[in-house]
Amino acid sequence: MRRLPLPIYLIIAYMLLAFGWWGILLLRKNEQAHIAQVNELAYRMAVQQGSNNEEAFRNTDVYQQLNKDFDRGQKMIVGEAIILILSLIGGLALLFRFLRKEISAAEQQRNFLLSITHELKSPLAGIRLILETFQKRRELKPEIQEKLSTNALAETDRLTALVNDLLLSAKLENVYDINEESLDLGQLIHEAADRVAMKYKSASLHVDIAQDVGLVKGDRLGLTSVAVNLLENAAKYSQPTPVIHTSLQRGGVKELIWEVSDNGMGIPDREKRRVFTKFYRVGNEDTRTTKGTGLGLFIVKQLVEKHGGQLELLDNEPHGTTFRIYLPTD
Ligand code: ADP
């Protein structure tokens, strides 16, 4: 998070000191005015009575009233100064919070634009290259043709997945009704794991589904997206040799616990809440090497919550990350 420029802090410090100083000046002026009033009153009484009895003067109602007014004046100045300084600090704190949110939103947008441009450009460039190869060298061997078209299809899948993620995240923020059906979540996790294993050949994936899980009410597309996003992240952020475990078991009578853990780089404590924000990616987009848009975990969290579940992010031992989902069942 970027810090505000030093001159802003200097101006604020100056304003606070200036308010404090004005308060002290006002107190002094009030005191001087009071002394002048007392002196004038004492002088007038001495002239009227022809004597200068200080004791008698201090007992007069007029003198007592002057003292009361002075005390009230001092208290008012101190009270007003405290309220002014507190409201200034409160106002500035609110302003800073607002600014910090704006700055972080702008940073996220910048990260998003950089990553989305990259994610859109690289499959398009890949497909273009393959088409050019087909155009220039019409007599390609069948196995090369096969390989190139498989690559082109994989690139279009990548583009489709990206567009789907964008649409899904927009829908999740507005209207997304989960399409509930009775489904075999264990089977769904196996299928997602197979998809991810095909894509990340170096990953070793272990799926452990308990016998007593039974059928679950849920949105097939949504839960597939949860599984694929978590498993893909586990593979992506645990290179070069990802070891991924995913398990599904009964937690309580009406609850399932679904875990996905990896042996990767892990997520630092200070980032644990932020990774679920839309477009948020750990680190800086300019220096980041992994591909992604920062949409995956946002989508996962929203979908789990739409199913009435909860998502936890824990550290794995000795290193890596564990995502734990608590899903209610009927
Ligand atoms: P993306 O993977 O497209 O960047 P996500 O929303 O899926 O977006 O993840 C947000 C960020 O959280 C990632 O950029 C990454 O830094 C971090 N992250 C997610 N999953 C893992 C994981 N299993 N291990 C380490 N870091 C992770």
Side-chain angles (χ1 to χ4, degrees), residues 112-171 183-209 219-246 260-265 279 281 285 288-300 303 321 323:
F112 166 67
L113 281 178
L114 281 167
S115 61
I116 204 99
T117 316
H118 178 263
E119 290 290 293
L120 283 171
K121 267 174 85 178
S122 62
L124 282 177
I127 295 167
R128 189 188 166 93
L129 199 71
I130 291 167
L131 289 175
E132 278 174 357
T133 314
F134 272 116
Q135 205 175 37
K136 279 187 203 144
R137 303 174 53 192
R138 292 184 184 273
E139 318 289 76
L140 281 172
K141 284 187 195 153
E143 48 296 1
I144 297 184
Q145 278 190 27
E146 171 78 22
K147 197 172 165 209
L148 288 178
S149 36
T150 311
N151 284 350
L153 282 174
E155 295 292 16
T156 53
D157 283 349
R158 205 171 133 193
L159 275 178
T160 313
L162 172 64
V163 174
N164 283 345
D165 271 0
L166 281 170
L167 288 176
L168 182 58
S169 64
K171 263 201 222 159
L183 50 88
D184 183 345
L185 186 55
Q187 174 70 22
L188 184 149
I189 294 174
H190 269 295
E191 284 167 12
D194 289 346
R195 258 170 76 179
V196 174
M198 290 259 289
K199 193 164 163 191
Y200 295 87
K201 301 272 193 258
S202 65
S204 77
L205 266 135
H206 308 269
V207 183
D208 177 15
I209 310 292
D219 182 318
R220 181 177 293 280
L221 278 179
L223 291 174
T224 304
S225 176
V226 171
V228 171
N229 269 309
L230 289 182
L231 291 168
E232 271 210 39
N233 275 354
K236 227 163 56 172
Y237 300 109
S238 307
Q239 292 298 331
T241 44
V243 179
I244 304 164
H245 289 266
T246 179
V260 177
S261 33
D262 62 59
N263 61 337
M265 57 178 81
F279 303 135
R281 306 197 73 210
E285 198 65 38
R288 213 173 285 125
T289 49
T290 49
K291 293 171 187 162
T293 54
L295 282 173
L297 289 183
F298 168 78
I299 290 175
V300 167
L303 282 168
T321 311
F323 286 91

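Looking at N229, its side chain never comes within 3.5 Å of a backbone N or O of F298 through a donor-acceptor pair.
Note on R195 versus E232: no salt bridge recorded, every NZ/NE/NH1/NH2 to OD/OE distance being 4.0 Å or above.
With sequence neighbours excluded, the residues satisfying salt bridge (charged side-chain N to carboxylate O under 4.0 Å, His left out) with R220 are E181. V163 is linked by a side chain to side chain contact (heavy atoms under 4.5 Å, CB included) to L167, counting only residues two or more places apart in sequence or in another chain. Looking at residues two or more places apart in sequence or on another chain, you find a side chain to side chain donor-acceptor pair (under 3.5 Å) between R128 and E132. Remark: K136 engages no residue in a side chain to side chain contact (heavy atoms under 4.5 Å, CB included) (not counting sequence neighbours).
Residues L223 and L303 have side chains not in contact (no heavy-atom distance under 4.5 Å, counting atoms from C-beta outward). Residues V243 and S204 have side chains in contact (heavy-atom distance under 4.5 Å, counting atoms from C-beta outward). Side-chain contact between T321 and N233 is absent, with no heavy-atom pair separated by less than 4.5 Å.
The 12-atom threshold is exceeded at CD of E143, counting heavy atoms of other residues, nucleotides or ligands nearer than 6.0 Å.
Among D219, N164, L230, I299, the one residue that satisfies the side chain to side chain contact (heavy atoms under 4.5 Å, CB included) test with S225 is I299.
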Under 3.5 Å, side-chain donor or acceptor atoms of residues 148-155 against the rest of the protein: list the pairs with distances, not counting sequence neighbours.
{"from": "S149", "atom 1": "OG", "to": "Q145", "atom 2": "O", "distance (Å)": "2.7"}
{"from": "S149", "atom 1": "OG", "to": "E146", "atom 2": "O", "distance (Å)": "3.2"}
{"from": "T150", "atom 1": "OG1", "to": "E146", "atom 2": "O", "distance (Å)": "2.6"}

Check residues 184-192 and write down every donor-acceptor pair under 3.5 Å in which the side-chain atom is one partner and the other belongs to a residue at least two apart or another chain.
{"from": "D184", "atom 1": "OD1", "to": "G186", "atom 2": "N", "distance (Å)": "3.2"}
{"from": "D184", "atom 1": "OD1", "to": "Q187", "atom 2": "N", "distance (Å)": "3.2"}
{"from": "Q187", "atom 1": "NE2", "to": "E191", "atom 2": "OE2", "distance (Å)": "3.0"}

